[in-house]
Structure formats: C-alpha cells, structure tokens
> 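First, the structure itself, so that you have it in front of you.
We count ligands from 1, going down the list as the structure has it; atoms in each ligand are counted the same way. Treat the numbers as computed from the prediction; the structure is a model and nothing was measured.
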Amino acid sequence: MSELTSLKIRFSEMGDRLAAPVITRLMAAALDSPELLSLAAGFTDTTTLPGGLVGEVVGKLVGRPGPPEYLQYGTNQGRPLLRNLLVRRLSEQDRQEEGVYQSNQLFIANGSQQALSLATQVLCDPGDIVLVERPTYFVYLDVLRGLGVEARCLPWDKDHRLDGEALEDYLERMERAGELERVKAVYLQAYYANPTARSLEPREKAGLAEALLAKGLRIPVIEDAAYRELHFENPPAASSVLAMPEFADFPCLYLGTLTKPFATGLKVGFGYCSHQGWLDRILFLKGQQDFGTSNFCQAILEEVLAGGQYDSYLPELRRHYHSKMQVLDQALREEGLSELGWEWEVPEGGLYLWLQGPQGFNTRIDSAFCHQCLMNGVLYVPGDLCFGNEVENRYVRLSFGVLSGNDLREAGRRFVETVRQLTPA
Ligand SMILES: Cc1ncc(COP(=O)(O)O)c(C=O)c1O
C-alpha cells in the first residue's frame, strides 16, 4: 500500500494542471460542520424538488405496455421527442416561428455543464483565450484553467454593463499585442447570471456582435441560459443570440437546462448549436465520453414536458425562490448591511445575491473575513473566484437556493454580524 502511494504516476499535461477547486474546500467545511449555514452552494432547494411528481411519472412509464425501452441505452444526441419538445419550447421563448429551429441542431447532455465543457474542449487548445463576462461562472473558469485556456474579462462600465465603446479599444489592444488569433470563443450568460443575477440587455449583446465583427472576429458564441426559466415575475423579454440578427454570422451555441427549474438530480441539460461542424465535433466527443445521457432521466423529463406538469410546477417554484430571495435581502437590510457600505441589486430571477463590499474590504478565501464567517457559522462564495483576470477582492456571492425560513434569516444575520466585526470603526 505504502509503495503504491509513493509511486509517481506521469499524468497528462491536463492532469497536472488540475487542482482541487477552492469551492470544494468550502463545501467540505460545510459537511464537516453541520451547524454551519451555507449561503455558498448553488444547489436548488431539496424540500421543493418534485419527488411526488417524478414518482407518478415513473409509475406511468413502468405501467406502459411493451418492453421498458427507457431502461435501454439511448442515442448519443438524445431522445427525439424530448429534443422536439425542447426546440418547441425554445422557439416560443425566442418568439420564432415553428420550423426555424430544428431538433437535429439540439443535443441532450448530462447537464448543461457537460455541454459547456464539451463545446469548449473541441474549440480550444492550451494557450487560447476565451472572452468572458466580468464577473462570470467560476466553474467555467475552472474548466478553462484545466484546459490551459486563458479567460479574459470583457470591459464593463461603472453600471456593470458591457461597455461597447471600451470594447473597441480593448479588441484594438489585443490586436496590437497579436492576441486576436488566440481568441477562440466568447461566453455569455444573458439571463439572471451566476454570480450577479443580472441579465444582459439586447443592446449589450448587439454591441458585442458589432465590435467583434468590426475586428473580423466571427468566433463561436456560447450563451449559457441556465437560469432563464427561473424568473420571479415576468419572463425575460430578450431573445437568445440564436434569434438576434446581429449574431446571424456567428456560430452560436445556446445552453439550457432542466436541472435548476425542475430536478437538479436528473441532470439533464441541452445545447442548441447553429453550426453543423461544431455540433458534429461536440457529438463525437460526447460519443467518446458517454455515448448518450441517461435515457431514463430523459424519458422522465419528456413525460413531464409533454404532459404539461413541468409548466404547472414552475410558477410555484418561481414564487418560492422569489420569496426566499426577499427573506435574505430583507435580513441583510434589517441587519444594517447597507449602512456598512455594502451594495447590491435586487434580482429579478436566479438563485443569487451579488454583494459589493466597500473599497478595500477583502472577502477572499484566505481573508480574515472569510475565516471569521466560518467561525460565526456562515459560508459564502468569495467573489474573487468569479474573475477571469484583474481579480477584485471585495465581492461576495450569496445563494438563497438551499436554506429557507429561519435558517436563511439567521445566515443573513451571521453574515452581517461578521461584516460588522471586520469593519473598522
Ligand atoms: C451558469 C451555470 N451554467 C451551467 C450550470 C450547470 O448546470 P447543469 O449542469 O445542472 O445544467 C450551472 C450550475 O450551477 C450554472 O450556474
């Protein structure tokens, strides 16, 4: 045993690049101390997951005459009926006529995370660059790091909007530095993003398309819409990049998921790709990895989408997350976080509050603040993890997904108490 432990395996370059994501340290801390209240995990609320509904659907599947085809392997691209249903849903959301979006352009994945990862792997080599928002989804930053790819944040203005004018200069500078060749893709979250819960306005996306085209950069665009269905009141008005004329000349990949709005544990997501060559390669790689997402999980989702239960379940779920967001937001306000110089926007969807601490406040995982939060029994995601470059240290992501009621209020109270302790008088 000890001989084996000391044996040095020669890993691939990628294997060597991999490191335990910081977030797993936070998760481990939460598991080690059950009294900790976690505002860190981006999980859904286990108490509202549709157990009864899934039980009924499974009963229905099992009761069907004929062999249980759903227990057989499925196809690499995914169940045809499910793909049709998702294409119809996406067409409605984007207000596109039937037939504009085609189900053969859509593939089912093991969560949208798999689709994102596959799509990036087939595009990027070590040393390449992917343009991302500022801040962005930290798990994607880990994916890029693992591939040896550099994440570069797009320029944002003081209102945290994509800065169209600065973008031209930014690309100009990259051109002068001979870096444009290395830019392989741009990654966006247009709906209630993780971590900011902000949505991109169509003019921001259009400005980006214009600036990229002006530099001849017709690069793949990945639009991750993981939270699009999790709006609180009104559905988002903006259509996806797939339907925007400004992106007609770009290869676009739209990522959606059925995990957050329905059942995270079924782990079914999808990608819609407007470029055949890119899609083919994604599917070749998926074929090597798993040659198809769980057919059984797909069959369950197919049933709930076709039978309308998915749509009847969503409004309640939206109300639930809306009210949880209000509980956390109110707890932070009542405890006096704003008076301590912290700012945040009230989101209209998603699972997160994105807080900006005062200038100079340090929220990193190795900071006194993070340490004190652990001592006081509350966990958060340090915002610095969400920056590709030019990292900022005064932000925090809080999730209201998991906790509810008194626990959520108490977590908010502990958070503000810790801020108070660490704020100079
Ligand atoms: C922005 C974003 N994209 C993608 C995912 C992956 O979700 P899933 O693989 O469950 O579809 C997540 C999960 O937290 C996310 O926050």
> Taking the six-membered ring for Trp and the single ring otherwise, decide whether the centroids of Phe232 and Tyr321 are under 6.0 Å apart.
no

> Hey, are Arg414 and Asn376 close enough side-chain-wise for a donor-acceptor pair under 3.5 Å?
no

> Any idea which protein heavy atom is nearest atom 5 (C) of ligand 1, and the distance to it?
Tyr137 OH, 3.3 Å

> For Thr257, counting its heavy atoms only, list the atoms of ligand 1 lying under 4.0 Å from any of them.
8 (P), 11 (O)

> Determine yes or no for a side-chain-to-main-chain donor-acceptor pair under 3.5 angstrom, with Glu343 supplying the side chain and Gln356 the backbone.
no

> Kindly say whether the aromatic ring centers of Phe369 and Phe415 come within a distance under 6.0 Å.
yes

> Applying a strict 4.0 Å limit to heavy atoms, is Gly269 in contact with ligand 1?
no

> Hey, is ligand 1 close enough to Gln113 that some N/O pair sits below 3.5 Å?
yes

> Just checking, is any N or O donor in the side chain of Asp224 or Tyr187 under 3.5 Å from an acceptor N or O on the other one?
yes

> Does Asp224 come within less than 4.0 angstrom of ligand 1, counting non-hydrogen atoms of the residue?
yes

> Could a heavy atom of Tyr140 be found less than 4.0 Å from some atom of ligand 1?
no

> Show me which atoms of ligand 1 lie under 4.0 Å from any heavy atom of Lys260.
13 (C), 14 (O)

> Does ligand 1 come near enough to Tyr187 that some N or O of the ligand is less than 3.5 Å from an N or O of the residue?
no

> Heavy-atom contacts under 4.0 Å between Ala226 and ligand 1: side chain, backbone, both, or neither?
side chain

> Can you tell me the protein heavy atom closest to atom 16 (O) of ligand 1 and the distance?
Tyr227 OH, 2.6 Å

> For Tyr191 and Arg198, run side chain to side chain donor-acceptor pair (under 3.5 Å): C-alpha distance rounded to whole Å, both residues' side-chain angles, the deciding distance at 0.1 Å, then the answer.
CA-CA 7 Å; Tyr191 306 97; Arg198 249 176 253 130; over 6 Å; no

> Number the atoms of ligand 1 from 1 as they appear, then name those within less than 4.0 Å of a heavy atom of Thr259, with their elements.
8 (P), 10 (O), 11 (O)

> Are the aromatic ring centres of Tyr310 and Phe262 under 6.0 angstrom apart?
yes

> Within the structure, does Gln114 bring an N/O atom to less than 3.5 angstrom of an N/O atom in ligand 1?
no

> What are the atoms of ligand 1, with element, lying closer than 4.0 Å to any heavy atom of Lys267?
8 (P), 9 (O), 10 (O)

> Would a distance-only check, ignoring hydrogens and angles, find a side-chain to backbone donor-acceptor pair under 3.5 Å from Glu229 to Pro261?
no

> Of the protein's non-hydrogen atoms, which lies at the shortest distance from atom 7 (O) of ligand 1, and what is that distance?
Ser112 OG, 3.4 Å

> Taking the ring of Tyr352 and the ring of Tyr192, is the distance between their centroids below 6.0 Å?
no

> If we set the cut-off at 4.0 Å for heavy atoms, which region of Gln189 has an atom near ligand 1: side chain, backbone, both, or neither?
side chain

> May I have the step-by-step check of side chain to side chain donor-acceptor pair (under 3.5 Å) for Gln102 and Tyr272, ending in yes or no?
CA-CA 9 Å; Gln102 298 286 331; Tyr272 186 99; over 6 Å; no

